[in-house]
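Read the structure below first, then the notes.
First listed ligand is number 1; within each ligand, the first listed atom is number 1. The shown structure was predicted, so the numbers you read here are calculated from the model rather than taken from an experiment.
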Amino acid sequence: MYKKILVAARGEIALRIIRACRELGIRSVAVHSTADRDSLHVKIADEDVSIGASPSRESYLNIPRIIAAAEITNADAIHPAYGFLSENPNFADICLSCGIEWIGPNPALMKRMGDKAEARRVMDEAGLPVIPGSEGVISSEEEALRLCAEIGYPVMVKATAGGGGRGIRIVRDEKQLGDCFRAASKEAEISFGDSGLYVEKYLQDPRHIEVQILGDGNGGVIHFGERECSIQRRHQKLIEESPSPGIADQVREKLFKYAVQGGEYINYNSLGTVEFLVDSKGRIYFLEMNTRVQVEHPVTEMVCGVDLIKEQIRLASSGRFGESALNARITGWAIECRINAEDPDRGFLPVPGRIDFFHVPGGPGVRVDSHLYSGCEVPSYYDSLLAKLIVWGKNRDEAIERMKRSLDEFIIEGVPTTIPFLQKIIKGRNFERGDFHTAFLEREIV
Ligand code: MV4
């Protein structure tokens, strides 16, 4: 087992990973920017290294500084968490060539799945149903016109280097295609340095459901059930739950089968997520694969009784599944709300500031993953996630009641938060019915 792990991240997820290290008897190293010098992840880690100025580019995205921090502290491995460098195969390669182990899949797989058009092609080859669309990246506007006429409008144009919905456009008809194509291509070039696009048939009001998997790199892949992630705003998930309400058990079993099949086909060797869209008729389509731990992993942990981060670390060091991963069974229901420092009345504008008072809910079935404490500062440089509130209940009704009372108990003073907005959704009729087709959240796709 590793003796020391450097966590290349900040916020709640850095804390989460440091906690897993502590339980495994592994020493932890936190890295931090100037703005984060008083952050909780720095306080609870065994060691910490200051890696640069507040902007992410100068600290959490600064590869030489992070590698230097790992060398100075003699860390055996780096855990990239989510965000920042977690999906950067180049960073993974550099770690490995410096003799530092990478707690994630092998870099070649990260690269393949990071290219969304390539991922589609590979999963099609693996026998997964993919959304009708282009076979790879489209090379010209003329080719796009020809293809889209074949597929039939509406279509979606997506950046191959994007993912999670960044750099996508709906195209309603042929007349819009040229403009959308050029705009998306330019945007992709600016955001990702890769202008490559692919197209897919636009599915009307699908559900977004993902399956958590763990692969051992020897052909073994296990799954930990699904997560319903349909409640999003501008491609940011707001509420996730497991299991997904309102899909038939046959559909659920197929999702598991496809996720495992996909993981086996690529010989996946870490924690990962296979994302699907499911239409109102229960038809399943592969969407993307994420090669990192995800924000919403705790809902899976709550229903499976597994510590996914510990299992991921154990697997990275030994190449074998742990007993608790192999014995995981799904019990009850879990829901997660993401609480952000944003003002819903000002278009969800992120609002940094001092947390004057912080009180978390507790009691049976309640978990809060947060890096906040009374008196801490929320810097303006990073994403606005303040806390994840996760509840477990023996069934969905109990989980919903727990979520309502936990949101009521939560006190965050000093910055506006999305708590009132989440309360409105959770208390609403559509959420209660598990009916997300009706798009009760404003669903701006572009
Ligand atoms: C789609 C889609 C419809 N058709 N792709 C991609 C990333 C994720 N944030 C949502 N994505 C979508 N991809 C095709 N071909 C619709 C969405 C979508 C969505 C899907 C399920 C639930 C909520 C959604 C909100 C916006 C976009």
Q. Atom 12 (C) of ligand 1: which of Gln204, His208, Met156 has the nearest heavy atom?
A. Met156
Q) Do Phe358 and Tyr373 make the cut of ring centroids closer than 6.0 angstrom? A) no
**Q.** Selected option - heavy-atom contact closest to atom 13 (N) of ligand 1, from Lys158, Glu288, Arg234, Glu200
**A.** Lys158
Q: Look up atom OH in Tyr265 and atom CG in Asp124, then write down how far apart they are to the nearest 0.5 Å.
A: 9.5 Å
Q.
Within ligand 1, which atoms have a heavy atom of Pro206 less than 4.0 Å away?
A. 20 (C), 21 (C), 22 (C)
Q: State which residues pass side chain to side chain contact (heavy atoms under 4.5 Å, CB included) with Val351; sequence neighbours excluded, sorted by chain then number.
A: Asp343, Arg346, Pro416
Q. Any N/O of Leu277 closer than 3.5 Å to an N/O of ligand 1?
A. no
(Q) Using a 4.0 Å cutoff against the non-hydrogen atoms of Tyr202, which atoms of ligand 1 qualify? (A) 3 (C), 4 (N)
Q.
If the condition is side chain to side chain contact (heavy atoms under 4.5 Å, CB included), which residues does Val171 pass it with, not counting sequence neighbours?
A. Tyr153, Val155, Val157, Gln176, Leu177, Cys180
Q) Any Lys/Arg nitrogen of Asp115 or Arg112 sitting under 4.0 Å from an Asp/Glu carboxylate oxygen of the other? A) no
Q. Quick one: does ligand 1 sit under 4.0 Å from the side chain of Lys201, the backbone, both or neither, non-hydrogen atoms only?
A. backbone
Q: Walk me through it: do Ser33 and Tyr382 pass the test side-chain hydrogen bond (donor to acceptor under 3.5 Å, both in side chains)?
A: CA-CA 11 Å; Ser33 66; Tyr382 319 108; 2.5 Å; yes
**Q.** Distance-only N or O hit between ligand 1 and Arg207, under 3.5 Å
**A.** no
